[in-house]
Amino acid sequence: IKIRNIIHASLQLAVDRRILQYNPCKGVVAPYEKEKKARALSKDEQAALIKALEDEYYKPMIEMYLGTGLRMGEGIPLLWSDIKLDASQRYIDVNKKAIIIHDYATHSATTQIQDFCKKDSSIRKVVITNGLAEILKEHKAKMMEQAEKQGKEWSEDSLAFPNTVGNIVNSRNLQNTLKRIYKKAGITDATLHSLRHSYASNCFSVGVDIKAISEQLGHKTVKTTYNIYVHLLEDKKITEIDKLNEIDRLFQPEAGGKVIQFPTGQKAV
């Protein structure tokens, strides 16, 4: 589908510039792709994951993903200067991303940091909870202590979540590590992106406004958030409408309500 869209747009530009008379891609029907439902962890699964994270090196990093909804590439390059942990300022400044560069000649891949995001909406300040702030404060203190013991230089521009040898985390290694932890927790069919969906689910479950959720996730519009999490909104709608149960008393004559009777053949407008 992506390939078809790219070719279609390129050929259409050629038509617009009068290089071609007709876009041959217009006759190509894109294959049908069934929209996948977002996989979020249940409350029990989230509890099992937190328990399985004990004594894991990447525990703070995975908890950060679960507590912020950041995309994988947004969390990997975070520096301590991007994380504000003061009582009056609790947020993560998302302003760059990590990408994988594949070298197909040598069959190797390297992680590179781009100091920009794909979309303007991705550049944002993600507010964090007091609980996550305390977790990150503890993690920061341990990182500073470890650097001192090893005689390494540490600064606010140090990586917040380096790998075990102090370098930037490889996304594939992180995914494999989480896959192992999921297995230990008894969780199936989940990925790192499931942590992002779980964060959104947690927000919806406690009634966070959809506009705020959309901004936290870095979506371009609220419509994007709605389209992805419409099933969560449907579940929430039932709970909200149940609040009208008191109104049901109006339809019960014995409770003081009145039922309006219309003459035969007369319709209500």
Side-chain angles (χ1 to χ4, degrees), residues 49-50 52-103 108-182 191-196 198-199 216-218:
L49 173 63
I50 296 299
L53 284 173
E54 289 302 322
D55 300 323
E56 291 284 349
Y57 176 80
Y58 289 109
K59 178 177 183 290
M61 188 177 195
I62 294 173
E63 288 177 333
M64 179 276 298
Y65 278 116
L66 181 60
T68 61
L70 262 62
R71 301 176 180 93
M72 178 169 60
E74 295 172 339
I76 288 175
L78 285 176
L79 308 177
W80 282 114
S81 56
D82 299 320
I83 303 176
K84 311 302 179 185
L85 300 173
D86 296 336
S88 58
Q89 296 187 82
R90 288 180 286 104
Y91 65 85
I92 293 178
D93 191 4
V94 180
N95 51 49
K96 51 188 166 293
K97 64 178 180 178
I99 61 170
I100 300 297
I101 302 297
H102 295 276
D103 186 337
S108 61
T110 57
T111 302
Q112 291 187 11
I113 298 177
Q114 292 183 340
D115 58 353
F116 60 90
C117 294
K118 183 178 180 180
K119 300 176 181 177
D120 290 341
S121 57
S122 297
I123 301 174
R124 64 199 188 278
K125 289 179 171 54
V126 178
V127 180
I128 61 177
T129 63
N130 285 309
L132 180 57
E134 290 302 317
I135 289 173
L136 295 179
K137 284 179 183 178
E138 183 179 343
H139 173 55
K140 185 176 184 179
K142 288 182 179 179
M143 294 294 295
M144 294 173 68
E145 182 181 354
Q146 182 179 350
E148 185 179 356
K149 287 181 179 179
Q150 296 176 349
K152 295 182 178 179
E153 184 179 349
W154 188 95
S155 72
E156 289 292 319
D157 289 328
S158 297
L159 284 167
F161 305 102
N163 62 16
T164 54
V165 294
N167 298 324
I168 191 167
V169 170
N170 180 281
S171 59
R172 181 167 294 180
N173 292 341
L174 179 61
Q175 289 173 313
N176 289 336
T177 297
L178 183 58
K179 185 177 181 180
R180 174 181 58 77
I181 296 172
Y182 275 144
T191 64
L192 195 144
H193 207 64
S194 298
L195 301 180
R196 178 171 168 83
S198 300
Y199 172 77
Q216 287 281 98
L217 294 175

Study note, to complete from the structure: Looking only at heavy atoms, the pair that brings V126 and T68 closest together is CG1-O, 3.9 Å
Exercise for review: Mind checking the CD1-CE spacing from I135 to M61? Nearest 0.5 Å is all I need.
Suggested key: 14.5 Å
Point to revise | Trace of the side-chain contact (heavy atoms from CB on, under 4.5 Å) decision for V94 with R71 | key: CA-CA 10 Å; V94 180; R71 301 176 180 93; over 6 Å; no
Check your understanding: Counting heavy atoms not belonging to E148, are there more than 12 under 6.0 Å from its CD?
Key -> no
Review point. Are the side chain of Y91 and the backbone of K84 linked by a donor-acceptor contact shorter than 3.5 Å?
Key: no
Point to revise | Salt-bridge present (K142, E145; N to O < 4.0 Å) | key: no
Point to revise | Closest non-hydrogen atom pair, L217 against Y199 | key: CD2-CD2, 3.9 Å
Check your understanding: Where the side chain of R124 meets the backbone of S122, is there a donor-acceptor pair that is under 3.5 Å apart?
Key -> yes
Exercise for review: Check step by step if side-chain contact (heavy atoms from CB on, under 4.5 Å) holds for N130 and R90.
Suggested key: CA-CA 8 Å; N130 285 309; R90 288 180 286 104; 3.0 Å; yes
Review point. Mind checking whether I128 and L85 have side chains closer than 4.5 Å, heavy atoms only?
Key: yes
Check your understanding: Hey, does D82 have a side-chain heavy atom less than 4.5 Å from the side chain of K96?
Key -> yes
**Study point:** Spatial distance of atom CG (L78) from atom CD1 (I113) [nearest 0.5 Å]
**Key:** 9.5 Å
Review point. Any sub-3.5 Å donor-acceptor pair from H139's side-chain atoms to F161's backbone N or O?
Key: no
Check your understanding: Is the closest side-chain heavy-atom distance between I83 and M64 below 4.5 Å?
Key -> no
Practice item. Compare all side-chain heavy atoms of M144 with those of S158 and state whether any distance is below 4.5 angstrom. Key: no
Point to revise | Side-chain heavy-atom pair E63, L136 within 4.5 angstrom cut-off | key: no
Review point. Does any N or O in the side chain of Q216 come within less than 3.5 Å of the main-chain N or O of V127, such that one atom is a donor and the other an acceptor?
Key: yes
**Study point:** Nearest heavy-atom neighbours spanning Y182 and L195
**Key:** OH-CD2, 3.5 Å
Revision key, fill the gap. Which of I181, L66, L178 passes side chain to side chain contact (heavy atoms under 4.5 Å, CB included) with L53? It is I181
**Study point:** Neighbour count above 12 (heavy atom, 6.0 Å) for R172 CZ
**Key:** no
**Study point:** Pairing of E156 and K140 as salt bridge, 4.0 angstrom limit
**Key:** yes
Review point. Would you call K59 and E56 a salt bridge, taking side-chain N to carboxylate O under 4.0 Å as the test?
Key: no
Study note, to complete from the structure: Smallest heavy-atom separation, Y58 atom then T164 atom, equals OH-N, 4.1 Å
Revision key, fill the gap. Heavy-atom nearest pair, W80 first then L159, reads NE1-O, 3.7 Å
Check your understanding: Taking atom CD1 of I99 and atom OG1 of T110, what is their separation to the nearest 0.5 Å?
Key -> 8.5 Å
Review point. Do I100 and T111 pass the side-chain contact (heavy atoms from CB on, under 4.5 Å) test, and can you show the C-alpha distance, the side-chain angles, and the key distance before you say yes or no?
Key: CA-CA 5 Å; I100 300 297; T111 302; 3.5 Å; yes
Practice item. Please report the closest heavy-atom contact between A98 and P77, naming both atoms and the distance. Key: N-CG, 3.8 Å
**Study point:** D86 (side chain) donor-acceptor with S88 (main chain) under 3.5 angstrom
**Key:** no
